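Each remark here refers to the structure printed beneath this line.
So you know, we letter chains A, B, ... as the sequences are listed, proteins then strands, and number each from 1. Since the structure is predicted, the reported quantities are computational estimates derived from the model, not experimental observations.
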Number of protein chains: 2
Amino acid sequence: MATTTDSCDRNDVYAAMCPCRDMLDLLASKWSALVIGALEDGPRRFGQLRLRLEGVSPKVLSQTLKRLEDRELITRTAYAEVPLRVEYELTELGAGAAVPLKHLRDWVESNAA
Amino acid sequence: MATTTDSCDRNDVYAAMCPCRDMLDLLASKWSALVIGALEDGPRRFGQLRLRLEGVSPKVLSQTLKRLEDRELITRTAYAEVPLRVEYELTELGAGAAVPLKHLRDWVESNAA
DNA sequence: TCCGACAGTACCCGATAGGAACCAGCGTGC
DNA sequence: GCACGCTGGTTCCTATCGGGTACTGTCGGA
């Protein structure tokens with residue numbers, strides 16, 4: 001059971017003050033699981049992600065990528081080429097998160113609707 | 001069966017029209033993973049869930065439970081007792097979803113912050 | 001000169017999350 | 001009778017988020 005102290009001495013997603021709650025919120029948000037999955041096979045560009053994640057608007061995709069980058073789950077690399085090329089790639093941490101997220105997507109595809 | 005074939009003949013979370021996208025959105029929302037995890041060990045009452053999920057407001061908990069019930073991931077049973085007792089319990093489908101969600105929570109607890 | 005590709009940003013709007021307060025039914029104490 | 005507490009919520013209001021459309025800026029090509 002959750003030992004509810006006012007701080008978080010061990011990681012417990014059920015504890016309100018635990019930083020891992022933030023991580024769960026991020027991973028468990030609408031597009032994150034799809035973005036991370038789309039990057040499993042290697043780096044992808046903004047436009048490629050946009051096509052792969054059917055229905056995502058550029059704004060939301062941009063926000064999602066920024067949050068994932070802030071959390072160090074992905075890296076963003078801009079190449080000063082013409083036309084501009086920007087690549088997003090999973091970090092080691094992101095690749096770790098991709099594993100349980102893939103299980104979740106697989107379960108959903110097997111059991112939804 | 002996924003052979004309804006209007007727009008989504010196979011389950012693919014990356015397809016915009018696929019009903020499994022809705023399921024992913026539901027599971028990958030802020031409180032769902034925690035609610036389902038809290039019900040893994042058996043039925044729980046509203047107040048128990050409220051304590052277990054530190055920081056959840058009754059409104060949001062109520063909404064989350066309703067959506068999970070609509071999707072048949074949990075059942076709600078009200079007993080005409082004094083005081084009123086309401087129990088939430090995982091369905092078979094919900095218990096299935098609990099497995100990948102537990103992996104996700106475990107990963108988060110092992111890797112966050 | 002205009003067009004399109006690329007990687008976003010700006011603006012506006014509706015939906016959702018969040019907090020605080022409030023409600024209803026029932027039993028108990030006064 | 002009346003307040004009180006327990007339980008399981010609902011309602012109000014606001015802040016944030018997600019979402020759609022339009023637009024920017026740079027460049028190469030027709």
Task: chain B contact limits on DNA chain D, taken 5' to 3' with a cut-off of 4.0 angstrom to heavy atoms - done: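 Range of nucleotides within reach of chain B: D:dT7 to D:dC12.
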My understanding is that only residues two or more places apart in sequence, or in another chain, count here; which of them pass side-chain contact (heavy atoms from CB on, under 4.5 Å) with [X]?
{"X": "B:Lys59", "answer": "B:Ser57, B:Gln63"}
{"X": "B:Glu72", "answer": "none"}
{"X": "A:Ala38", "answer": "A:Leu49, A:Arg52, A:Leu53, B:Tyr14"}

- [ ] Give the angle between the helix axes at the two ends of the helix from C:dT1-D:dA30 to C:dC30-D:dG1, taking five base pairs at each end and rounding to 10°.
- [x]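 Between the axes fitted at each end of the helix from C:dT1-D:dA30 to C:dC30-D:dG1 lies an angle of 30°.
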Task: Flag if over 12 foreign heavy atoms under 6.0 Å of CD, B:Glu92 - done: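 Check fails, neighbour count at 12 or below.
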- [ ] If a pair satisfies salt bridge (Lys or Arg N to Asp or Glu O under 4.0 Å) and one of its residues is in residues 15-35 of chain B, list it, with sequence neighbours excluded.
- [x]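 Salt bridge (Lys or Arg N to Asp or Glu O under 4.0 Å) check on residues 15-35 of chain B returns A:Asp25-B:Lys30, A:Lys30-B:Asp25, B:Asp22-B:Arg71.
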- [ ] Could I get the full list of salt bridge (Lys or Arg N to Asp or Glu O under 4.0 Å) partners for B:Lys102, not counting sequence neighbours?
- [x]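 For B:Lys102, the residues satisfying salt bridge (Lys or Arg N to Asp or Glu O under 4.0 Å) (neighbours in sequence not counted) are B:Asp106.
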Rounded distance (nearest 0.5 Å) linking atom [atom1] of [X] with atom [atom2] of [Y]:
{"X": "A:Asn111", "Y": "B:Met23", "atom1": "CG", "atom2": "CE", "value": "7.5 Å"}
{"X": "B:Thr91", "Y": "B:Ile74", "atom1": "OG1", "atom2": "CD1", "value": "8.5 Å"}
{"X": "A:Ser29", "Y": "A:Leu68", "atom1": "OG", "atom2": "CG", "value": "7.0 Å"}

Open item on the list: So, using side chain to side chain donor-acceptor pair (under 3.5 Å) as the criterion, who are the partners of B:Thr64 when residues are at least two apart?
Closed with: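 None.
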Task: Under the side chain to side chain donor-acceptor pair (under 3.5 Å) test, residues paired with A:Glu87 that sit two or more places apart - done: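 With neighbours one apart ignored, the set is A:Arg85.
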- [ ] Please list all pairs passing the ring-ring contact (aromatic ring centres under 6.0 Å, His included) test where one or both residues lie in residues 53-109 of chain A, with sequence neighbours left out.
- [x]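 Every pair satisfying ring-ring contact (aromatic ring centres under 6.0 Å, His included) with a residue in residues 53-109 of chain A: A:His103-B:His103.
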Open item on the list: What does the B/S/- profile of nucleotides 7-22 of chain C look like, 5' to 3', with a 4.0 Å heavy-atom cutoff to protein?
Closed with: SBBBB-----BBB---
Tabulate atom names and distances for all N/O pairs under 3.5 angstrom spanning the protein and nucleotides 27-30 of chain C.
none

